[in-house]
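Per chain, numbering begins at 1; letters A, B, ... match sequence-line order.
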There are 2 protein chains.
Amino acid sequence: MAHTPPIPEGSEVFEAAGHDHDHCVDHALQAAETICTREGARLTPLRRQVLELVWRSHEPIGAYDVLARLQREGASDAEDGRPAAPPTVYRALDFLLKYGLVHRIESLNAYVGCAHPQEDHNGQFLICRTCGTAAEIEDDAISAAIRDNAKRIGFAVDRVTVEVSGLCPRCRSDAHA
Amino acid sequence: MAHTPPIPEGSEVFEAAGHDHDHCVDHALQAAETICTREGARLTPLRRQVLELVWRSHEPIGAYDVLARLQREGASDAEDGRPAAPPTVYRALDFLLKYGLVHRIESLNAYVGCAHPQEDHNGQFLICRTCGTAAEIEDDAISAAIRDNAKRIGFAVDRVTVEVSGLCPRCRSDAHA
DNA sequence: CTCGTTATGTTATTTTATAACATTTCAATC
DNA sequence: GATTGAAATGTTATAAAATAACATAACGAG
């Protein structure tokens, strides 16, 4: 353990637009394999495919959008008749949530690949209302402030949701133009 | 039943169980009148009734629960035939959200009366998974930490959602018993 | 192989939210 | 006090998000 994750400086967290996304999808899938192996969890073809679809989207994607894409691709390896149904996707997403491979964005009813799947955390998000991108940050000051409050009040924290919506740097510049 | 546990410091925010709730509903309605007058907004009987229903619940309440109670009470002063329909409630809730009289809890798809309606803020919530109570806090350290991050990244903040779920002091004590 | 467990398929329904259009209410102006 | 345009509410229908309940298949330990 104890290897410090690279902390994105400034607007690098919103680098989405121009980067090699295939690479980062592959990386995420690789990481997922590793984690599931370690946890004794089964990253089945279906779950893997759902994870890939979530990552490919790169912005938060709704369960029914995942479903639609799953249907287009033909579920998993099965090239049979019927299209996949909602529970298929929800179950896969629940699995991925459980192992911290995706996060759910409550304010959007949508899911996004977790940027730091090795750590146990809930994610903090900056969500651009224009381009839809959600940047995951993990700031100790925010976590600490929340933890301090909970402690003061005697509240036992289970899960923390931090979602900030607004305008990302790029869309902000565009708006000025 | 367990005996009354020692109440930890700071648990006033979770005072819900024992207090004079009628009083605090009245107070909230009074404050709402004041704010709407100041803002030139119309707190119609329907909107007032919805606000009252949200407050009466004292824990976050779903739109359809509000609707059901509205129907039971007979919508507003109209004692006519048909029961109210969903848009009626959603529109009233939208109005109340707009003027900061209620907050929406994203992680519950539910609404709760705002504890500090005069100030412009988004609310930060500690939500007990056992008793369902949502305590609204307003902590500058949390706000500041989020603001700092946004600034560093160049993100223009619009709306901040902070929802912490877990166990409130009371339920925590009960769980130990 | 066999048997219990886990995963997925399938059908139906529930819950949450909004679109679209009709009618009513309100209050400002004539 | 009638006219009228805007705001609020009524009404009908449907969209979008999530889950319940039960059936079948795959998987892996013994």
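When the side-chain nitrogen and oxygen atoms of B/Thr88 are compared with OP1 and OP2 of D/dG10, one or more of them lie within a distance under 4.0 Å. Phosphate contact (OP1/OP2 of C/dA17, side-chain N/O of B/Asn109, threshold under 4.0 Å): present. For C/dT8, one of the phosphate oxygens OP1 or OP2 lies less than 4.0 angstrom from a side-chain nitrogen or oxygen of A/Thr44. Taking only side-chain nitrogens and oxygens, B/Arg82 comes nearer than 4.0 Å to OP1 or OP2 of D/dT11. Applying the 4.0 Å criterion to OP1 and OP2 of C/dT6, one finds that A/Arg42 has every side-chain N and O outside that range. In terms of phosphate contacts, A/Tyr90 brings a side-chain nitrogen or oxygen within less than 4.0 Å of OP1 or OP2 of D/dA18.
Sequence order on DNA chain D of the closest nucleotides to A/Tyr111 and B/Pro86 puts B/Pro86 first from the 5' end.
Counting non-hydrogen atoms under 4.0 angstrom, B/Arg48 reaches nothing in the nucleic acid. Across all strands, A/Arg91 comes closer than 4.0 Å to base atoms (heavy-atom distances).
Side chains of B/Ile127 and B/Ile105 form a contact here, defined as non-hydrogen atoms less than 4.5 Å apart.
Judged by ring centres under 5.5 Å apart and planes tilted less than 30 degrees, B/Tyr64 stacks against the six-membered base ring of C/dT16.
Between the CG atom of B/Leu46 and the P atom of C/dT24 there is a distance of 17 Å, rounded to whole Å. When the C1' atom of D/dT9 is taken as reference, atom CG of B/Leu43 falls 15 Å away, rounded to whole Å. In this structure, A/Arg104 atom CZ and D/dT19 atom P are separated by 8 Å, rounded to whole Å. Per the geometry, CG belonging to A/Leu51 stands 16 Å off P belonging to C/dA7, to the nearest Å. D/dA17 atom P lies 11 Å from atom CD1 of A/Ile61, rounded to whole Å. Rounded to an integer number of Å, the gap from CD of B/Gln49 to P of D/dG10 is 10 Å. B/Leu70 places its CG atom 13 Å from the P atom of D/dT11, with the value rounded to the nearest Å. For A/Leu108 and D/dA16, the CG to P distance is 16 Å, given to the nearest whole Å.
Residues A/His121 and A/His103 bring their aromatic ring centres within 6.0 Å.
Heavy atoms of other residues, nucleotides or ligands lying less than 6.0 angstrom from NE2 of A/His27 number 12 at most.
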| Could you go step by step and tell me if B/Ser107 and B/Glu163 meet the side-chain hydrogen bond (donor to acceptor under 3.5 Å, both in side chains) rule? | CA-CA 7 Å; B/Ser107 57; B/Glu163 296 173 11; 2.5 Å; yes
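When distances are taken from the side chain of A/Arg47 to each of D/dT19, C/dT8, D/dG10, the shortest belongs to C/dT8.
Side chain to side chain, B/Glu136 and B/Gln124 fail the donor-acceptor criterion of an N or O pair below 3.5 Å.
Placement of B/Ile61 and B/Leu46 within a single hydrophobic cluster is found when ILVMFWY residues are connected by side-chain heavy-atom separations under 4.5 Å, directly or transitively.
We find that B/Arg104 and A/Glu106 are not joined by a salt bridge, their nearest charged nitrogen and carboxylate oxygen being 4.0 Å or further apart. Ionic pairing of A/Glu52 and A/Arg56 is present here: one or more N-O contacts between side-chain nitrogen and carboxylate oxygen are shorter than 4.0 angstrom.
Taking a 4.0 Å limit (strictly below) on heavy-atom distances, residues 33-41 of chain B does not reach DNA chain C anywhere.
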